[in-house]
Amino acid sequence: MEVLIRENKADAMAMAARIIATWVRRKPDCVLGLATGNTMTEVYRELVQLHQSGVDFSRVRSFNLDEYVGLPPHHPASYHFFMEKHLFQHVRFARSYLPDGMASDPHAHCAQYEEWIRSEGGIDLQLLGIGEDGHIAFNEPTSSLASRTRLKTLTPVTKSTNAREFPEGETIPSQVLTMGVGTIMEARHCLLLAFGLKKAAAVKAMVEGPVSAMCPASALQYHNRCTLLLDEEAASGLSMREYFKAAESGKPEWQQKLLVDL
Ligand code: F6R
């Protein structure tokens with residue numbers, strides 16, 4: 001894993017924007033894997049700025065990681081709604097795919113989603129956040145590390161964390177559609193962002209813990225191109241923290257450039 005630690009979130013966001021922009025400039029019809037959640041709101045703000053400064057997304061295709069079952073696209077807590085609000089209404093992509101929480105046959109829809117990813121040539125750059133329990137997408141602890149896009153039941157922890165996204169008095173769905181860990185692992189480059197003390201334990205388990213279904217993000221230890229962008233707080237539990245910093249700053253300039261020059 002390539003672990004990049006930045007003093008603060010703003011510096012990490014600027015780095016994320018550079019990595020995404022490099023992909024899009026080098027491969028104008030690249031396929032981006034997109035996530036939702038608080039972390040991504042700021043990433044999408046950066047993408048909108050990139051778009052305004054002339055980075056062309058018009059040939060880029062995108063796939064979202066997950067969606068709540070039973071929420072129509074216009075529901076304010078649906079991930080369709082989130083994407084429209086934070087990204088798609090500002091930046092036009094060639095095609096954007098999201099799992100359909102209203103699909104009448106979720107199993108067939110998930111198989112179809114996998115097929116769509118394949119037919120678009122696979123995901124080039126997958127953006128990821130991490131849950132406090134170590135989930136990526138909605139692959140909750142004990143998810144198979146070989147899992148594919150499927151129906152999944154949320155844990156009480158995730159339900160209570162995500163309840164903030166729902167209008168007051170409304171119950172959060174128990175089921176979701178999510179890309180699997182195995183699906184995510186096939187992306188050519190994974191870029192995971194984590195900020196704040198609340199993520200420190202999950203980050204430690206992901207980077208330094210054993211690879212285990214109890215921390216689905218730890219599967220990324222087997223990914224051959226995975227970049228983690230952390231702020232100091234999220235990195236604070238890592239025993240290898242100083243090593244990661246020294247490794248990055250000790251690189252000659254041409255090698256540092258490689259971080260973003262694909
Ligand atoms: C949502 C998703 C989730 C979030 C994770 C972190 O599409 O993939 O795995 O990335 O729950 O969420 P935030 O950024 O809100 O802490």
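None of the values given here were measured: they were computed from a predicted structure. Values reported hereafter were calculated over all heavy atoms of this structure, with side chains retained and with hydrogens, waters and symmetry mates removed.
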### Query
Do Ile123 and Ile184 sit in the same hydrophobic cluster, where Ile, Leu, Val, Met, Phe, Trp and Tyr count as joined when their side-chain heavy atoms come under 4.5 Å apart?
yes
### Task
Check for a donor-acceptor pair, side chain of Gln221 on one end and backbone N or O of Gly209 on the other, with a separation under 3.5 Å.
yes
### Query
Is the backbone N or O of Met13 less than 3.5 Å from a side-chain atom of Glu42, with the two atoms forming a donor-acceptor pair by type?
no
## Note on the structure
Taken in chain and number order and not counting sequence neighbours, the residues that satisfy side chain to side chain donor-acceptor pair (under 3.5 Å) with Glu67 are His80
### Query
With no hydrogens and no angle check, is any side-chain donor or acceptor of Asp231 less than 3.5 Å from a backbone partner on Gly196?
yes
#### Entry: Min side-chain heavy-atom separation Leu47-His86 under 4.5 Å
no
### Task
Any chance you could measure Asp100, atom CG, to Asp105, atom CG, to the nearest 0.5 Å?
11.5 Å
### Task
Mind checking the CG-CD1 spacing from Asp124 to Ile20? Nearest 0.5 Å is all I need.
13.0 Å
### Heavy-atom closest contact (Ser104 atom, Pro106 atom, distance)
O-CD, 3.5 Å
### Query
Donor-acceptor pair, Thr142 side chain versus Ala213 backbone, under 3.5 Å?
no
### Val48 vs Gln52, side chain to side chain contact (heavy atoms under 4.5 Å, CB included): CA-CA, chis, key distance, verdict
CA-CA 6 Å; Val48 173; Gln52 286 164 352; 3.7 Å; yes
### Message
Under a 3.5 Å distance rule, please check whether Asn139 uses its side chain to pair with a backbone N or O of Met179 as donor and acceptor.
### Response
yes
### Task
Provide the full list of ring pair (Phe, Tyr, Trp, His ring centres under 6.0 Å) pairs with a residue in residues 195-249, sequence neighbours left out, each pair given once.
none
### Task
Rounded to the nearest 0.5 Å, what's the gap from CD on Glu84 to OG on Ser96? Could you check?
8.5 Å
### Message
I need the minimum non-hydrogen distance between Met83 and Leu34, along with the two atoms involved.
### Response
CE-CD1, 3.6 Å
### Task
Please check if atom CE in Met214 has more than 12 non-hydrogen atoms from other residues, nucleotides or ligands closer than 6.0 Å.
no
### Query
Looking at CZ of Arg225 and CE of Met1, how far apart are the two atoms once the value is rounded to the nearest 0.5 Å?
14.5 Å
#### Entry: Over all atoms of both residues, closest heavy-atom pair of Arg150 and Ser143
NH2-OG, 3.3 Å
### Task
Compare all side-chain heavy atoms of Leu192 with those of Met206 and state whether any distance is below 4.5 angstrom.
yes
### Query
Which value, rounded to the nearest 0.5 Å, describes the distance between Arg61 atom CZ and Ile117 atom CD1?
12.0 Å
### Query
According to a 4.5 Å side-chain heavy-atom criterion applied to Ile, Leu, Val, Met, Phe, Trp and Tyr, with indirect links allowed, do Val157 and Val176 form part of one hydrophobic cluster?
no
### Query
Is it the case that one hydrophobic cluster holds both Phe88 and Val24, taking links as side-chain heavy atoms less than 4.5 Å apart, direct or via other members?
yes
### Query
Does CD in Gln89 sit with more than 12 non-hydrogen atoms of other residues, nucleotides or ligands closer than 6.0 Å?
yes
### Task
Apply the test side chain to side chain contact (heavy atoms under 4.5 Å, CB included) to residues Thr158 and His135: give CA-CA distance (whole Å), side-chain angles for both, the deciding distance (0.1 Å), then the verdict.
CA-CA 9 Å; Thr158 301; His135 71 228; 3.4 Å; yes
### Task
Without swapping roles, check the side chain of His90 against the backbone of Lys85 for a donor-acceptor pair under 3.5 Å.
yes
### Query
In terms of side-chain heavy atoms, does Ser212 have a donor or acceptor partner in Ser218 at a distance below 3.5 Å?
no
### Message
Tell me whether Glu248 is salt-bridged to Arg6, with the criterion being a basic N under 4.0 Å from an acidic carboxylate O.
### Response
yes
### Message
Rounded at 0.5 Å granularity, tell me how far CG in Leu177 sits from SG in Cys110.
### Response
4.5 Å
### Task
Write down the atom of Thr149, the atom of Thr183, and the distance for their closest heavy-atom approach.
N-OG1, 3.4 Å
### Query
Under the criterion side-chain contact (heavy atoms from CB on, under 4.5 Å), which of Leu127, Leu228, Leu128 is the partner of Leu191?
Leu127
### Query
Do Pro28 and Asp56 come within less than 4.5 Å of each other through their side chains, counting heavy atoms only?
no
### Query
Got more than 12 heavy atoms from elsewhere within 6.0 Å of CZ, Arg95?
yes
#### Entry: Short side-chain to backbone donor-acceptor contact, Gln126 and Ala187, under 3.5 Å
no
### Task
Determine, stepwise, if the pair Ile19 / His189 fulfils side chain to side chain contact (heavy atoms under 4.5 Å, CB included).
CA-CA 10 Å; Ile19 293 173; His189 184 183; 4.0 Å; yes
### Message
Looking at Arg148 and Glu186, is any side-chain nitrogen of the basic one under 4.0 Å from a carboxylate oxygen of the acidic one?
### Response
yes
### Message
Run the side chain to side chain contact (heavy atoms under 4.5 Å, CB included) test on Asp66 and Thr36 for me, step by step, so that the C-alpha distance in whole Å, both residues' side-chain angles and the decisive distance to 0.1 Å come before the verdict.
### Response
CA-CA 8 Å; Asp66 40 20; Thr36 59; 4.2 Å; yes
### Task
List the atom of Val203, the atom of Leu230, and the distance in Å for their closest heavy-atom pair.
CG1-CD1, 3.8 Å
### Query
Going hydrophobic residue to hydrophobic residue with side-chain gaps under 4.5 angstrom, can you get from Leu197 over to Val207?
no
### Query
Where do Ala17 and Leu50 come nearest, in terms of heavy atoms and distance?
O-CD1, 3.6 Å
### Query
Does Leu154 offer a backbone N or O that forms a donor-acceptor pair with the side chain of Lys159 under 3.5 Å?
no
### Query
In terms of side-chain heavy atoms, does Glu132 have a donor or acceptor partner in Thr161 at a distance below 3.5 Å?
no
### Task
Look at the side-chain heavy atoms of Ile, Leu, Val, Met, Phe, Trp and Tyr, link any pair under 4.5 Å apart, and say whether Met185 and Leu145 land in one connected group.
yes
### Query
Can you tell me if Ser78 uses its side chain to pair, donor with acceptor, with the backbone of Pro73 under 3.5 Å?
yes
### Task
Can you run down the ring pair (Phe, Tyr, Trp, His ring centres under 6.0 Å) pairs that involve residues 45-68, sequence neighbours left out, and say none if there aren't any?
Phe57-Phe93, Phe63-Tyr97, Phe63-Tyr113, Tyr68-Tyr79, Tyr68-Phe138, Tyr68-Phe166
